[in-house]
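Worksheet for the structure shown next.
None of these values were measured; they are calculated from a predicted model. For ligands, and for the atoms within them, numbers begin at 1 and follow the listed sequence.
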Amino acid sequence: MADDKMPQVAEYDGPVGGWGSAKGMAAVGRTARPSPGAMKTLAHQNKLGGTMCSSCAWGKPAHPHAAEFCENGAKATLWDLTSARCGPDFFATHKVADLVTWSEYDLERAGRLTHPLRYDAAQDKYVPTTWDAAFDAIGAELQQLDPKKVTFYASGKAALEASYLYALFARSYGHTNLPDSSNMCHETTSVGLSEMIGSPVGTCVLEDFEHCDMILHVGQNPGTNSPRMLHPLQEAAKRGCHIVAMNPLREKGLIEFANPQSPMQMTVGAPTEIADSYLQVRTGGDIAALTGIAKHVLELEETEGGILDHDFLNQHCHGLQSWMDWVAATPWDRLEKVSGLSRQQMEQTGKVYAGSKAVIGVYGMGLTQHVHGSDAIGTLVNLLLLRGNIGRKGAGCSPVRGHSNVQGQRTVGISEKPDLVPNDKLRALFGIEPPMEEGWNTTAFVNALLEGNAQGYVGLGGNLARAVPDQDRVVQAWGTMPLTVHIATRLNRTHLMPGKSSWILPCLVRAEQDIQNGTNQQVTVEDSFSHIQASIGHRTPASEDLKSEVAIIAGIAAATVDPNPRLAWQDWTGDYAKIRSLIAKTYPEQFHDFETRMNQSGGFYRGNPARERQWKTDSGKANFTVPQDLDATGLGDAADVFRLMTLRSNDQFNTTIYGMSDRLRGITGDRMLVMMSPQDMQALGLKAEQRIALRSVMDDDVQRQVKGLRVIPYDLPRGCLAGYFPELNPLAPLSRGDRLSDTPASKGIPVSIDVT
Ligand SMILES: Nc1nc2c(c(=O)[nH]1)N[C@H]1C(S)=C(S)[C@@H](COP(=O)(O)OP(=O)(O)OC[C@H]3O[C@@H](n4cnc5c(=O)[nH]c(N)nc54)[C@H](O)[C@@H]3O)O[C@H]1N2
Ligand SMILES: Nc1nc2c(c(=O)[nH]1)N[C@H]1C(S)=C(S)[C@@H](COP(=O)(O)OP(=O)(O)OC[C@H]3O[C@@H](n4cnc5c(=O)[nH]c(N)nc54)[C@H](O)[C@@H]3O)O[C@H]1N2
Ligand SMILES: [Mo]
């Protein structure tokens with residue numbers, strides 16, 4: 001029987017930032033138990049001479065705020081600098097079979113890993129070993145394996161120096177199976193934007209946010225995932241810039257924000273309203289919504305004229321007419337149905353767009369993680385192109401990247417696609433023969449794993465078995481690999497699925513001193529705006545037995561790859577400037593004068609032809625693209641199928657769970673939950689907090705179910721559900737990925753509800 005009374009939706013009644021964030025940080029401070037000096041690291045975070053944040057990839061301004069860190073950046077730093085240790089004693093007392101039942105939260109709370117570890121199958125325990133023994137054994141095993149069946153994954157955090165060596169190691173050993181967390185994240189951008197505007201990355205720089213008069217903010221959650229972005233958003237809102245948010249969830253960060261660095265506002269001031277219009281699209285409704293907005297812009301051009309930038313369109317664009325024909329042939333009632341918005345809402349936004357001089361299109365996982373994610377990005381680009389909003393001050397396309405150096409890892413060669421790497425330079429510099437066939441991306445690796453073809457895995461950070469789709473099947477298969485090696489800071493579930501030979505190699509975090517040959521080494525990272533900056537750690541390492549990521553990669557490489565005087569792994573480890581000099585030789589246009597430019601406040605811009613309106617596309621122009629489907633989920637009008645988005649709480653960094661409070665959404669308690677519209681709950685006769693199960697709706701004979709999810713009434717469009725990653729990953733079918741890039745469709749997963 002349905003309840004007469006509509007369930008009360010969960011909501012946070014304070015603004016983002018403000019005292020709430022101070023409290024959130026204090027709570028993590030208690031859980032993380034930071035070591036002395038951690039607060040000093042925060043004071044210098046994201047500033048010249050300090051440590052670049054290891055949380056998100058948002059840009060670091062050349063003129064930083066007094067405290068240039070946010071709630072979640074502070075959490076990441078305090079978490080890295082915990083005083084808790086997960087050393088040999090811990091592993092002596094816990095078998096793997098026992099640890100595998102622990103939650104991610106409990107595993108990471110055990111603290112920083114301190115010693116290199118080898119898996120001992122007889123005891124079912126990880127036991128301490130020496131670095132030399134580990135390198136020799138791993139090298140010997142890699143030599144035995146077919147390199148084409150070995151994968152080197154990178155999770156997006158390791159700096160440019162370690163990343164360059166890692167990719168070079170893969171190519172000199174004989175494979176390009178170099179999946180990166182980017183494959184599950186912004187690969188849709190890398191592949192999609194390249195096709196559209198010839199750039200795998202965004203075209204904006206941080207200053208553009210000071211000059212725009214409209215921000216179209218699509219499918220990204222700044223309050224949680226890039227809180228430092230709230231400053232420019234707040235400034236823009238104060239300036240009168242239109243901020244239009246497009247998101248099925250009413251995310252608090254986009255609604256209001258109290259600046260914790262402004263004492264006035266913290267005590268007496270009212271929080272700034274951020275979005276002046278909030279379009280609550282249906283999950284996967286963005287292609288339709290953006291098309292509706294564009295349709296009205298085209299109508300205004302017809303009726304009023306003077307709206308389109310004809311000079312730009314004539315000189316710089318290709319494919320406009322075919323796309324306009326398609327828009328004209330797509331009726332408003334379809335656009336309304338698929339987007340979940342009214343024609344009036346789309347028209348109103350079209351009007352604001354048509355009247356704005358400089359527009360930035362910002363987006364995140366709400367666009368990229370869909371079966372037609374690249375079509376959605378294409379539609380956003382189409383809209384921007386209409387008024388020449390790419391390659392101009394205050395305008396452009398601004399994907400918000402995830403991990404702090406995920407973009408940089410791609411820049412320096414971590415790519416499964418040989419075309420994206422200057423192989424001639426690698427041949428000339430090192431006398432190696434890099435493999436020229438395409439390697440495995442994340443999805444291809446998981447497919448190989450499920451088919452029994454993956455033989456060896458090295459992870460430079462990450463928790464891959466928990467981050468990928470079809471988790472239950474992956475967990476079954478993972479341990480069948482002959483070799484698994486994890487370069488890591490903390491224990492996680494993937495480490496507890498040992499292959500026949502398995503190793504955990506603990507590394508320094510970015511905030512720690514990395515002394516080589518008596519000198520503390522700088523490293524470099526690239527942010528979402530293609531700016532590259534130096535970072536240096538000042539804290540004492542968590543253990544004397546830790547090595548840097550550079551030293552670990554070099555150690556394994558030296559024990560694996562045939563001796564070659566031009567591959568001077570050990571020499572490079574002694575002085576990272578030597579690695580930077582190799583990066584500069586490999587990518588001279590972007591990295592010339594690397595050593596000096598990396599040490600300027602705000603870093604240096606490595607350039608982007610699309611920003612200069614040079615289009616490195618097949619047509620030589622910026623391409624309008626016609627989407628393959630109006631619905632980014634590709635689900636059509638299937639009744640009874642709910643669209644599940646798996647996303648992040650305010651108390652996690654991907655699979656690292658800091659706590660159980662999703663403060664900004666007003667949700668606390670365990671993470672096994674599903675947010676649902678009160679109307680849907682009422683129609684199904686569900687009560688708040690009732691436990692249900694979700695089952696994937698997929699025609700492929702695989703049973704995918706997650707049980708024990710409590711129902712949280714939430715302000716969501718009907719038919720849309722939301723819950724947390726990674727808990728819901730068993731529901732995502734691996735075969736559902738963006739059609740151009742394979743990026744898993746973590747949003748818009750088709751599910752049905754089992755009332756248990
Ligand atoms: N504190 C913290 N910071 C992080 C991370 C973290 O876990 N914690 N992770 C980092 C990483 S690796 C990444 S990639 C980024 C991720 O940052 P985001 O891109 O913000 O990723 P999600 O948390 O998945 O949230 C996606 C947003 O898209 C919305 N959404 C979902 N489906 C749709 C849709 O169909 N259309 C539209 N318009 N919106 C939709 C959701 O409601 C949500 O607001 O953050 C990075 N920063
Ligand atoms: N369902 C669903 N699945 C998703 C997503 C989603 O939105 N929904 N998002 C996807 C996205 S955007 C991403 S980026 C991936 C993330 O996938 P991953 O990058 O694989 O996962 P993380 O949780 O970031 O990895 C955390 C682990 O990295 C290690 N680590 C932390 N810091 C360091 C360091 O400095 N060095 C080294 N070597 N190791 C370190 C620690 O051992 C920690 O346990 O997940 C994807 N999966
Ligand atoms: Mo990501």
Legend entry - Selected option - heavy-atom contact closest to atom 27 (C) of ligand 2, from Asp180, Asn492, Asn183, Leu460: Asn492
Inset, instruction - Could you go through the side chain to side chain donor-acceptor pair (under 3.5 Å) check for Asp80 and Ser54 one step at a time? - result: CA-CA 9 Å; Asp80 273 356; Ser54 62; 3.2 Å; yes
Inset, instruction - Measure the shortest side-chain to side-chain distance between Leu491 and Leu99 over non-hydrogen atoms and say whether it is less than 4.5 angstrom. - result: yes
Legend entry - Carboxylate-amine/guanidinium contact Arg410 Glu416, below 4.0 Å: yes
Legend entry - Cys507 touching ligand 2 at heavy-atom level, < 4.0 angstrom: yes
Inset, instruction - Tell me, please: is Pro248 in heavy-atom contact with ligand 1, that is, under 4.0 Å? - result: yes
Legend entry - Trp58 and Phe529 aromatic ring geometry - parallel, tilted or perpendicular at 30°/60° bounds: perpendicular
Inset, instruction - Provide the number and element of each atom of ligand 1 under 4.0 Å from a heavy atom of Leu249. - result: 42 (O)
Legend entry - Short side-chain to backbone donor-acceptor contact, Tyr126 and His495, under 3.5 Å: yes
Legend entry - ligand 1 N/O within reach of Leu647 N/O, cut-off under 3.5 Å: no
Inset, instruction - Have a look at ligand 1 and work out which part of Met645, if any, has a heavy atom under 4.0 Å from it: side chain, backbone, both or neither. - result: side chain
Inset, instruction - May I ask which of Arg665, Arg250, Gln369, Glu251 has a heavy atom nearer to atom 43 (C) of ligand 1 than the others do? - result: Glu251
Inset, instruction - With heavy atoms of Ser746 as the reference, note each atom of ligand 2 found under 4.0 Å away. - result: 1 (N), 2 (C), 3 (N), 4 (C), 6 (C), 8 (N)
Inset, instruction - List the closest protein heavy-atom neighbour of atom 42 (O) of ligand 1: residue, atom name, distance to the nearest 0.1 Å. - result: Asn247 OD1, 2.7 Å
Legend entry - Met365 N/O to ligand 2 N/O under 3.5 Å: no
Inset, instruction - Closest by any non-hydrogen atom to atom 40 (C) of ligand 2: pick that one out of Thr489, Asn405, Thr646. - result: Thr489
Legend entry - Protein contact to atom 15 (C) of ligand 1 [nearest heavy atom, distance to 0.1 Å]: Gly402 CA, 3.8 Å
Legend entry - Ser181-ligand 2 polar pair, N/O distance under 3.5 Å: no
Legend entry - Test item, Gly748 contacting ligand 1 (heavy atom, 4.0 angstrom): no
Legend entry - ligand 1 atoms in contact with Val281 (distance to a heavy atom under 4.0 Å): 38 (N)
Inset, instruction - Can you sort out which atoms of ligand 1 are near Gly284, meaning under 4.0 Å from one of its heavy atoms? - result: 34 (C), 35 (O)
Legend entry - Nearest protein heavy atom with distance in Å, relative to atom 26 (C) of ligand 2: Thr655 OG1, 3.9 Å
Inset, instruction - Could you tell me whether some N/O pair between Ala467 and ligand 2 is separated by less than 3.5 angstrom? - result: yes
Legend entry - Side chain Arg736, main chain Thr633, donor-acceptor under 3.5 Å: yes
Legend entry - Distance-only polar pair, side chains of Asn463 and Glu104, donor-acceptor under 3.5 Å: yes
Inset, instruction - Could you see which bit of Lys747 sits under 4.0 Å from ligand 1, with heavy atoms only: side chain, backbone, both or neither? - result: side chain
Legend entry - Region of Val406 that comes within reach of ligand 1 [heavy atoms, distance under 4.0 Å]: neither
Legend entry - Test item: Lys747 side-chain N/O and Leu644 main-chain N/O as donor-acceptor pair under 3.5 Å: no
Inset, instruction - Using a 4.0 Å heavy-atom cut-off, say whether Ser155 meets ligand 2 through its side chain, its backbone, both or neither. - result: both
Legend entry - Within reach of ligand 1, part of Asn654 (heavy-atom separation under 4.0 Å): both
Inset, instruction - Measure from the side-chain N and O atoms of Asn72 to the backbone N and O of Thr224, and report whether any donor-acceptor pair falls under 3.5 Å. - result: yes
Inset, instruction - Look at the side chain of Gln521 and the backbone N and O of Tyr576, then say whether any donor-acceptor pair between them is shorter than 3.5 Å. - result: yes
Inset, instruction - Check whether any side-chain heavy atom of Leu367 lies under 4.5 Å from a side-chain heavy atom of Thr188, and answer yes or no. - result: no
Legend entry - Selection from Lys157, Glu549, His495 by shortest heavy-atom distance to atom 37 (C) of ligand 2: Glu549
Inset, instruction - Do me a favour and list the nearest non-hydrogen protein atom to atom 14 (S) of ligand 1 with residue, atom name and distance? - result: Cys185 SG, 3.0 Å
Inset, instruction - Would you check if the side chain of Arg250 reaches a backbone N or O of Gln280 as a donor-acceptor pair within less than 3.5 Å? - result: no
Inset, instruction - Select one of side chain, backbone, both or neither to describe which atoms of Thr283 lie under 4.0 Å from any atom of ligand 1, heavy atoms only. - result: both
Inset, instruction - Return yes if some donor-acceptor pair links the side-chain N/O of Gln409 with the main-chain N/O of Ala158 below 3.5 Å, else return no. - result: yes
Inset, instruction - Identify which of His217, Gln652, Met184 has a heavy atom lying nearest to atom 8 (N) of ligand 1. - result: Gln652
Legend entry - Nitrogen or oxygen of Ser226 less than 3.5 angstrom from that of ligand 1: no
Inset, instruction - Between Tyr153, Trp79, Phe725, flag the one that comes closest to atom 45 (O) of ligand 2 by a heavy atom. - result: Phe725
Legend entry - Part of Arg648 within contact of ligand 1 (heavy atoms, under 4.0 Å): both
Inset, instruction - Around atom 38 (N) of ligand 1, find the nearest protein heavy atom and jot down its residue, atom name and distance. - result: Asp286 OD1, 2.7 Å
Legend entry - Exam field: side chain Gln45 to backbone Cys53, donor-acceptor pair closer than 3.5 Å: no
Legend entry - Heavy-atom nearest neighbour of atom 39 (N) of ligand 2 within options Ala158, Gly462, Gly461: Gly461
Inset, instruction - Check each of Tyr724, Trp58, Tyr363, Phe653 against atom 10 (C) of ligand 1 and report the one with the nearest heavy atom. - result: Phe653
Legend entry - Element-labelled atoms of ligand 1 that are located less than 4.0 Å from some non-hydrogen atom of Asn72: 1 (N)
Legend entry - Residue part near ligand 2, for His403, under 4.0 Å between non-hydrogen atoms: side chain
Legend entry - Top protein contact for atom 1 (N) of ligand 1, by heavy-atom distance: Thr224 O, 3.0 Å
Inset, instruction - Give a yes or no on whether the backbone of Gly462 and the side-chain of Asn492 come within a donor-acceptor separation of less than 3.5 Å. - result: yes
Inset, instruction - Between His370 and ligand 1, find which residue part has any heavy-atom pair under 4.0 Å and reply side chain, backbone, both or neither. - result: side chain
Inset, instruction - Check for a donor-acceptor pair, side chain of Thr442 on one end and backbone N or O of Pro179 on the other, with a separation under 3.5 Å. - result: no
Inset, instruction - For atom 21 (O) of ligand 2, grab the closest protein heavy atom and report residue, atom and distance to one decimal in Å. - result: Asn463 N, 3.6 Å
Inset, instruction - May I ask which of Asn225, Val218, Asn221 has a heavy atom nearer to atom 23 (O) of ligand 1 than the others do? - result: Asn225
Inset, instruction - Report, in ascending order of atom number, the atoms of ligand 1 lying under 4.0 Å from any heavy atom of Gly364. - result: 19 (O)
Legend entry - Per-atom contacts, ligand 1 versus Cys56 - under 4.0 Å to a heavy atom: 47 (N)
Inset, instruction - Would you mind reporting whether Thr489 and Arg112 have side-chain heavy atoms less than 4.5 Å apart? - result: yes
Inset, instruction - Number the atoms of ligand 2 from 1 as they appear, then name those within less than 4.0 Å of a heavy atom of Glu108, with their elements. - result: 43 (C), 44 (O)
Inset, instruction - Among all protein heavy atoms, pick out the one at the shortest distance from atom 34 (C) of ligand 1; state its residue, atom name and that distance to 0.1 Å. - result: Gly366 O, 3.3 Å
Legend entry - Student check: side-chain heavy atoms of Met365 and His186 closer than 4.5 Å: yes
Inset, instruction - Report yes if some heavy atom in the side chain of Lys252 is under 4.5 Å from a heavy atom in the side chain of Asn650; otherwise report no. - result: no
